[in-house]
Amino acid sequence: MERDCNQESTLNSGAQSRLLAFDLLDEVNRNGAYANLALPKILAKSNLSVQDRALVTELAYGTLRMQSKYDFVISQFADRQIEEIDPKLLDLIRLGAHQIFSMRTPAHAAINETVEVGKKVVGKSQSAFLNAMLRKFTSIEDLDGFLTEKLPIEIERLSIKFSHPVWVIRAFYDRLGNWDEVAALLQSDNLPAKPNLIAWPTLSSKAELIANDAEDIPFISNGVIANNPPESYSAIRENRAGVQDAGSQYLTEVFYATKLSDEDKWLDLCAAPGGQAQYLYDLPGRKHLLENELHPIRFDLLTRILPIDILRNVDGRDSNNFEGKFDRILIDAPCTGLGALRRRPEARWRKTLNDLKELISIQRQLIDSAYEMLAPGGIIAYATCSPHILETKAQVADALHRHKDLEVLSINDLALESKKGIEPDGTMQLWTHRDGTDSMFLALLRRKNANLS
């Protein structure tokens, strides 16, 4: 969003932070931007301190996550329907609500500085409505009690309290089967997540990152939790380390543990944005690796980190696009992304049940294509960043039904130092509230009679 710099300079740092947070809300809600991509561009144009930049992130990400909760509260106090409120004004009310209900911001600061931003964005007249709405919010002393009174049906109350669509909550319950656990998962989705870093094994080390103020993640070989912005680590700036969720790192290590020999032929069917692809490339004893990505923009990301001779830019759903057979095939399938909602604040509002239907079809086609290319004794690693049963257990059951010579290779049978999230059927399901990772799913599908010994 272009704005007169002189306008911004008249605001103090707190109001400037709120103005930039509004800009991000506007980009996401009006223009369909992705928050994690738009935020760095917005911050790059500012002269804010590190502390104020962190405030921008919390203001914007928190407001996006809790948007439906704040919209419900707004609906209880406004003299008009939500749809009738000017979209920019609505984002400002949400922004103020987040400060009042979910941050330690004193009410007078939340109201006054948000209203100052409102005067710049929507004018004095509409800012009067903004001021009145925010002052009404301060009359709510116990928001949870307020919601309980207004929403007697449990799933509706959970949906508003934790700001998740009802269909997502139902999907979580289908897998967890316990409402207390569902509530814990919903809460974990709403907590800011520190970045996870990975030391590329041949270029840096976990010890180097820890020495520069990062915390060990014990169950993975090369991963840490960053206590500072990723760009503050020299290994990140020099491309000797990357940013990658611990669950994704663990999934790659499990897949790599199926290795039989240096002559195994490996294929990654959906390789972008490239974290797992680069990890596989950097692991030892893997001579034959092919990384594929269909979408041109995402493929371009791979060309920046991997040698062009191991890359393909074709449709992984058509096995005719590849030559020969492969011993190990990774399908990190396109999915709803319900397992990564904590890192993608707007994602919960972008996906629908109609998207799910389309994605299930794509996942099935990818499995069928991989099966056609799978060598005798080979293994397909089918993964999603979603715990939805239709994208996980049901896909596995469907694949086993259609391809009778496939079986689930239990992850318990692999030589792993750590075994997290392994379920009775031998698949793996990580959970954000249990494991501190994205809620990743993994199943290893092997042709029968394969020998890993």
Side-chain angles (χ1 to χ4, degrees), residues 34 36-37 197-204 222-223 230 235-245 247-335 337 340 359 362-363 365-375 378-385 440 442:
Y34 294 97
N36 64 320
L37 300 179
L197 308 182
I198 179 170
W200 304 127
T202 63
L203 301 173
S204 59
N222 298 289
I236 293 288
R237 295 195 303 272
E238 297 162 6
N239 295 319
R240 296 184 294 108
V243 180
Q244 187 179 22
D245 181 75
S248 182
Q249 294 182 47
Y250 183 58
L251 184 152
T252 306
E253 292 178 10
V254 171
F255 180 45
Y256 180 70
T258 68
K259 175 178 173 288
L260 276 179
S261 78
D262 291 356
E263 300 304 320
D264 289 343
K265 294 183 178 180
W266 302 69
L267 170 63
D268 186 351
L269 268 184
C270 310
Q276 289 172 189
Q278 187 163 359
Y279 197 10
L280 275 177
Y281 176 75
D282 211 46
L283 287 167
R286 183 230 12 81
K287 293 182 181 178
H288 309 287
L289 173 65
L290 192 64
E291 300 280 1
N292 178 67
E293 175 58 42
L294 169 62
H295 300 287
I297 294 176
R298 291 167 63 85
F299 176 77
D300 183 60
L301 297 175
L302 297 181
T303 65
R304 302 176 191 180
I305 59 175
L306 294 170
I308 193 66
D309 62 325
I310 71 165
L311 302 180
R312 295 292 182 275
N313 181 204
V314 298
D315 191 339
R317 292 171 292 181
D318 185 355
S319 60
N320 293 318
N321 287 326
F322 303 87
E323 296 181 0
K325 299 290 185 180
F326 295 88
D327 302 291
R328 301 290 182 267
I329 303 177
L330 173 61
I331 307 172
D332 188 0
C335 67
L359 289 163
I362 293 172
Q363 293 158 6
Q365 293 171 56
L366 286 166
I367 292 173
D368 288 349
S369 175
Y371 174 79
E372 293 298 323
M373 295 184 280
L374 194 62
I379 295 171
I380 297 170
Y382 172 74
T384 64
C385 189
M440 304 286 297
L442 175 66

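Values below: all heavy atoms of this structure, side chains included; hydrogens, waters and symmetry mates excluded.
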Chi angles and distances behind the side-chain contact (heavy atoms from CB on, under 4.5 Å) call for Tyr250, Met440
CA-CA 9 Å; Tyr250 183 58; Met440 304 286 297; over 6 Å; no

I'd like to know whether Ile331 forms a side-chain contact (heavy atoms from CB on, under 4.5 Å) with Ile367, so could you lay out the CA-CA distance, the side-chain angles of the two residues, the decisive distance to 0.1 Å, and finally the verdict.
CA-CA 8 Å; Ile331 307 172; Ile367 292 173; 4.1 Å; yes

Test Ile329 against Phe326 for side-chain contact (heavy atoms from CB on, under 4.5 Å), laying out the working first.
CA-CA 7 Å; Ile329 303 177; Phe326 295 88; 3.8 Å; yes

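Not one N or O on the side chain of Glu293 forms a donor-acceptor pair closer than 3.5 Å with the backbone of Arg312. A donor-acceptor pair is defined here as one N or O able to donate and one able to accept, closer than 3.5 Å; no such pair exists between the side chain of Asp300 and the backbone of Pro296. No side-chain donor-acceptor contact under 3.5 Å links Asp327 to the backbone of Gly378.
The two residues Glu263 and His288 come nearest to each other via the heavy atoms OE1-NE2, 3.1 Å. When all heavy atoms of Cys385 and Cys335 are compared, the pair lying nearest together is N-SG, 3.4 Å. The two atoms that bring Ala370 and Ile380 nearest to each other are CB-CD1, 3.8 Å, heavy atoms only. Taking every heavy atom of both residues into account, Gln244 and Gly275 meet most closely at NE2-C, 3.3 Å.
Residues Leu294 and Arg317 meet the side-chain proximity criterion, which asks for heavy atoms closer than 4.5 Å. Residues Asp268 and Leu290 fail the side-chain proximity criterion, which asks for heavy atoms closer than 4.5 Å. Side-chain atoms of Leu267 and Leu330, non-hydrogen and from C-beta on, never get closer than 4.5 Å to each other.
Here the CG atom belonging to Leu311 is positioned 7.0 Å from the CD atom belonging to Glu291, to the nearest 0.5 angstrom.
Residues Tyr281 and Trp200 keep their aromatic ring centres 6.0 Å or farther apart.
Side-chain N/O atoms of Tyr279 and Asn222 include a donor and acceptor closer than 3.5 Å.
Counting heavy atoms of neighbouring residues, nucleotides and ligands inside a 6.0 Å radius, atom CD of Glu323 does not exceed 12 of them.
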